[in-house]
Protein chains: 2
Amino acid sequence: MATGRTHRPATRSRGIPEATVARLPLYLRALTALSERSVPTVSSEELATAAGVNSAKLRKDFSYLGSYGTRGVGYDVEYLVYQISRELGLTQDWPVVIVGIGNLGAALANYGGFASRGFRVAALIDADPAMAGKPVAGIAVQHTDELEKIIDDNGVSIGVIATPAGAAQQVCDRLVAAGITSILNFAPTVLSVPEGVDVRKVDLSIELQILAFHEQRKAGEEATPPERETAGTGEPGVATTPKPSSAASHRPAAGGSGGTGGHSVDGNRQGPDGDVPAVMPA
Amino acid sequence: MATGRTHRPATRSRGIPEATVARLPLYLRALTALSERSVPTVSSEELATAAGVNSAKLRKDFSYLGSYGTRGVGYDVEYLVYQISRELGLTQDWPVVIVGIGNLGAALANYGGFASRGFRVAALIDADPAMAGKPVAGIAVQHTDELEKIIDDNGVSIGVIATPAGAAQQVCDRLVAAGITSILNFAPTVLSVPEGVDVRKVDLSIELQILAFHEQRKAGEEATPPERETAGTGEPGVATTPKPSSAASHRPAAGGSGGTGGHSVDGNRQGPDGDVPAVMPA
DNA sequence: ATGTCTTTGTGAACGCGTGCACAAAGATGG
DNA sequence: CCATCTTTGTGCACGCGTTCACAAAGACAT
């Protein structure tokens with residue numbers, strides 16, 4: 001899940017579906033592990049298990065790349081590693097720049113997973129003049145002023161944004177203007193980019209929120225008869241929470257919002273609407 | 001994209017589609033921004049733009065939550081903020097533990113986006129005895145030995161794994177055994193967990209690889225007649241890369257394969273396999 | 001060579017997610 | 001009270017992705 005952007009025909013021209021592309025790195029990792037153990041071949045079943053997917057899906061994915069397997073035997077590990085690497089464009093070296101050398105940026109700079117996959121940190125860039133020259137992960141941080149020059153000199157086409165949300169769009173614009181066509185965004189903002197530029201985003205807080213949603217659901221299900229009738233609009237107990245009567249106050253009583261705070265939070269399940277008060281205008 | 005795990009009926013029981021759940025945090029963020037600017041209402045169109053999605057999609061998403069809008073007017077910002085927060089389970093406080101306080105773990109601990117969304121870092125855990133007691137982001141790191149006790153004492157149900165790949169599964173098992181039911185995994189490994197435990201993964205290197213794929217495609221398209229006939233198996237220049245002749249060497253002839261090597265390698269496109277050496281064992 | 005056994009590659013069905021387009025709801029003005 | 005205008009909520013169709021299930025391909029033994 002990335003590129004919150006509109007939508008894109010993506011891989012339309014060449015056959016490979018986006019979903020498959022997203023899994024190739026997974027297969028590659030599993031294959032690399034096998035390769036290191038000198039395992040000559042793997043069946044789709046084994047590899048699928050290692051990659052955490054369904055074997056049928058894996059075979060279909062590979063079928064988009066071509067017929068690289070041998071019936072009755074499986075896939076040649078080394079060969080497949082190469083084919084996937086080539087498909088992903090990992091047989092060449094990709095210089096990347098990381099902009100925003102805070103905690104996260106520094107962590108990324110130190111992350112070993114990049115180098116091992118053909119990605120080379122060409123430069124670290126930060127807006128803070130005090131950071132300039134300071135070495136992080138063995139590389140001297142450079143000032144934002146140099147951004148365009150750095151990108152141009154190194155032929156960088158992939159940029160990583162690890163700045164605060166407020167600076168992200170601005171940095172993004174400069175990166176794009178400088179020739180970057182792929183961006184990995186860690187800032188919690190929606191970036192708008194021109195046609196032809198790919199953006200993938202990684203948002204830690206969003207991931208946690210999604211987990212929280214499921215966590216809440218799990219907790220709720222224990223307390224409620226498992227398969228509750230799928231009531232039309234509302235959910236089991238919530239029923240008709242009165243919507244703000246339009247024109248009225250655009251300001252639900254935030255005061256008591258401490259919310260579920262004190263009390264047991266009824267078993268767990270979000271009270272049928274017992275805790276609406278927290279927000280609903282009284 | 002997360003939970004590489006098999007697959008899950010997910011939200012089946014209660015109506016909300018997984019894809020919608022994944023977008024709720026996005027809407028919430030946009031709404032929070034509006035709220036801070038004291039904007040009373042928004043139309044689906046405006047909000048959709050702010051969140052970087054299609055307005056029809058947004059309306060449909062909201063329709064799963066109930067009818068919270070007013071025709072002719074739009075949505076009440078504050079009210080919607082509350083409804084989505086409640087739906088995501090953010091009206092309650094979620095204590096989380098971060099295991100593996102290396103560069104990334106420390107960055108996560110310092111990340112402000114958590115606290116602002118109802119997530120509280122309950123503890124930082126690391127296997128290195130030398131780390132124990134050291135304060136990171138204002139919290140003293142505790143040793144792995146305490147893991148079970150920490151989780152139990154604080155009623156933690158969400159765990160973040162930021163350890164090296166090798167330790168991830170082991171840590172995961174302990175977390176699960178201790179009662180954790182949601183895991184956010186930053187380690188580049190497929191975690192296997194029992195039924196009922198949710199895992200979402202964030203893999204930096206995978207994201208970059210996906211970008212590299214598209215980047216390569218873009219570069220290739222410039223050099224090739226845009227809409228190349230979708231030739232069956234291979235792609236434009238690659239044609240029939242000889243597969244390992246089964247029983248034979250499980251080791252594609254890397255040497256001679258330089259094959260197409262010499263010639264132009266069409267512009268930018270990854271040479272048909274001209275640069276095999278990079279990956280293939282010589 | 002022939003038969004058996006394993007595993008791939010894929011046709012086809014299904015289900016989810018997306019986007020269109022429009023009717024219904026409600027606000028607003030006269 | 002009625003007309004008009006805005007914006008929601010959703011039925012419907014379409015396309016992508018997943019899964020099943022099986023025929024074909026090839027290895028291997030006899």
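First the proteins, then the strands, lettered A, B, ... as listed; each starts at 1.
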Notebook entry, point to check: Between the side chains of S44(B) and R59(B), is a donor N or O closer than 3.5 angstrom to an acceptor N or O?
Noted result: yes

Next item on the list: Spell out protein contact along nucleotides 20-25 of chain C as letters: B when the base is contacted, S when just the sugar-phosphate is, - when no protein heavy atom is under 4.0 Å; keep the 5' to 3' order.
Entry: BB--BB

Next item on the list: Would you please name every residue forming a ring-ring contact (aromatic ring centres under 6.0 Å, His included) with F186(B), sequence neighbours left out?
Entry: none

Next item on the list: Could you check how far CG of L58(B) sits from P of dG17(C), rounded to whole Å?
Entry: 16 Å

Next item on the list: Say whether Q209(B) and S205(B), considering side chains only, have a donor N or O and an acceptor N or O under 3.5 Å apart.
Entry: yes

Check: Between T189(A) and Q169(A), does any side-chain donor sit less than 3.5 Å from a side-chain acceptor?
Finding: no

Next item on the list: Please state whether the phosphate of dG9(D), meaning OP1 or OP2, lies under 4.0 angstrom from any side-chain nitrogen or oxygen of Y75(B).
Entry: yes

Check: To the nearest Å, how far apart are E46(A) CD and dT8(C) C1'?
Finding: 14 Å

Note to self: Both T20(A) and S44(B) contact DNA chain D. Taking the nearest nucleotide for each, which residue is further toward the 5' end?
What the structure shows: S44(B)

Item checked: pair R29(B)-I206(A): side-chain heavy atoms closer than 4.5 Å -> yes

Checklist line | Between P of dG9(D) and OH of Y64(B), the distance in whole Å | finding: 13 Å

Note to self: Just the rounded figure in Å: distance from C1' of dG9(C) to NZ of K57(A).
What the structure shows: 17 Å

Check: Roughly, in whole Å, what's the span from CD in E45(A) to P in dC5(C)?
Finding: 19 Å

Check: Are a donor atom and an acceptor atom from the side chains of Y79(A) and Q83(A) found within less than 3.5 Å of each other?
Finding: yes

Check: Once you round it to whole Å, what is the distance between P of dG9(C) and CG of D61(A)?
Finding: 12 Å

Between N or O atoms, less than 3.5 Å apart, protein on one side and nucleotides 28-30 of chain C on the other: list the pairs.
none

Item checked: Between E45(B) and T49(B), a side-chain donor and acceptor under 3.5 Å -> no

Next item on the list: Flag the pair E87(B) / R217(A) as yes when at least one side-chain heavy-atom distance between them is below 4.5 Å, and no otherwise.
Entry: no

Note to self: Given dG17(C), dT10(D), dG17(D), identify the nucleotide with an atom nearest to the side chain of S63(B).
What the structure shows: dT10(D)

Check: Rounded to the nearest Å, what distance is computed from the CD atom of residue E18(A) to the C1' atom of nucleotide dT18(D)?
Finding: 16 Å

Item checked: Validation row, ring centre Y75(B) to ring centre Y68(B) under 6.0 Å -> no

Next item on the list: Select one nucleotide: of dG9(C), dG17(D), dG26(D), the one nearest the side-chain heavy atoms of P17(A).
Entry: dG17(D)

Note to self: Could you tell me how far apart D76(B) (CG) and dA27(C) (C1') are, to the nearest whole angstrom?
What the structure shows: 15 Å

